[in-house]
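The structure displayed is predicted, hence computed values, not measured ones. Just so it is clear, the values below take in all heavy atoms, side chains as well, and ignore hydrogens, waters and symmetry mates. Sequence lines set the chain letters: A, B, ... in the order given, protein chains first and strands last, and positions in each chain run from 1.
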Amino acid sequence: MTKSQIAEVLEEIATLLELKDENPFKIRAYANAARSLETFGGNLADLQDEEALGKIPGIGKAIAAKIKELAGTGKLKYLEELRAEFPAAILELFSISGLGAKKIKALYEQLQISSIEQLREACELGRVAQLPGFGETTQAKICTAIEQRAKHFGYFQFGQIAAEAETLRRDLAAHADALQVDVAGSYRRRREIVRDVDLVVATKKPAAITEFFIKHALVESIIAQGPTKTSVRLRSGIQCDLRVVSSAEYPFALNYFTGSKEHNIEMRSRALERGWTLNEYRLARLPPDPKAKKLRAGQAVRRPTIKIPTVREEADLYRALALDFVPPELRENCGEFEAAEKHS
DNA sequence: CTGACGTCGCATGGGC
DNA sequence: GCCTATGCGA
DNA sequence: GTCAG
């Protein structure tokens, strides 16, 4: 069994544990282990060497043993047991956007729904809307989500949507109230496959930008709309998210929404090392730690906090974290930090 | 051994 | 109609 | 379930 196949198994375990309503952190532990194994570039000569496996971040004793079993026998008792608790097809329901473990579980337990086809039928018969926690609106949304999936499987080729993305960026940028505009997300990272288009706009008039956006000719329907975040469906069928922020927040939002998730985690952790906290809006001083107090009452105990540099553009943020600028294409936490590390 | 594990915006359903 | 807890997605 | 303190 290959590394990727084993990672997929760990993903499946995470999904099945979610359906079982297991501890969310246990679920994430499996998902993290899957990701970690997948991206682990090190010399893993032997997937059966539990000791070596345990050294991979996110993989401990329990998961190392499971990987060993998989690598050795091609099977996993634990997985078989989990699978036995649900019909095999039920996992495809997770590909309907808007459906998560909780809703899928309810549909399964109360209407015995375990496939997309069964779900479509139940929606058309109006049965889904009767369930507690569901309603007419949710039922209708599920119907359109099923149609969406049939058309695109939820994925798009970069080239398929490049023209739309650029048009939106250009038209937003031409708006008098738009101070800065960029396409972020996996599109900015130039991934071949993208699931949505993420736009970030800096403005002093969020409402004006949002209104302009939802009325754009490329927008087919509105999925969600709020003061800072708006999601729409474009004519091509792809989902497009608009984030509206202030100029001061812009570099942070652009960086955050460009990702990748793994890259962001590493960025946050580098900020932490310097006594800062990084999120999609700002770099700030770490809030006072409640238990690091009490010593030397009366005296201000100061943490080795470094003064926060001003960040006006994305490059400033990398500079603040003592990194060379990392081009979006390389932001996958596959060695870019080692490469960007400034050895002083 | 024990506590943390990211966090927040939006839509919805249901109770008032 | 308003308020809030929950699920979902990112 | 994994990790750091």
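- Between A/R195 and C/dA10 there is a side-chain polar atom (N or O) within less than 4.0 angstrom of OP1 or OP2.
- Residue contacts for A/L99: at a heavy-atom cut-off of 4.0 Å it reaches the sugar-phosphate backbone alone, with no base atom in range.
- Between A/H263 and A/F337, the ring centre distance stays below 6.0 Å.
- Phosphate proximity of B/dA11 to A/T137: absent, as no side-chain N or O sits under 4.0 Å from OP1 or OP2.
- Contact between the side-chain N/O atoms of A/K229 and the OP1/OP2 oxygens of C/dA10 is not found at any separation under 4.0 Å.
- Taking side-chain N and O atoms only, A/T138 has a distance below 4.0 Å to OP1 or OP2 of B/dG13.
- Between A/L16 atom CG and D/dG1 atom P there is a gap of 15 Å when expressed in whole angstrom units.
- For the C1' atom pair drawn from B/dG9 and C/dT4, the interatomic distance equals 15 Å after rounding to whole Å.
- Salt bridge status for A/E332 with A/R189: present, with a side-chain N to carboxylate O gap under 4.0 Å.
- Counting to the nearest Å, the P atom of B/dT12 and the CD1 atom of A/I142 are 12 Å from each other.
- Within the structure, every side-chain polar atom (N or O) of A/S231 is placed at least 4.0 Å from both OP1 and OP2 of C/dG9.
- Following rounding to the nearest Å, A/D241 (CG) and B/dC8 (P) show an atom-to-atom distance of 18 Å.
- A/P227 comes within 4.0 angstrom of sugar-phosphate atoms only, judged by non-hydrogen atoms across all strands, and of no base.
- Taking the six-membered ring for Trp and the full ring otherwise, the centers of A/F325 and A/Y318 sit less than 6.0 Å from each other.
- Side-chain proximity of A/P132 to B/dA11, B/dG14, C/dC8: nearest is B/dG14.
- Of the P atoms belonging to B/dC5 and C/dA10, the separation is 23 Å, rounded to the nearest Å.
- When each of C/dG7, B/dA11, D/dG1 is scored by its nearest atom to the side-chain atoms of A/K103, the top-ranked nucleotide is C/dG7.
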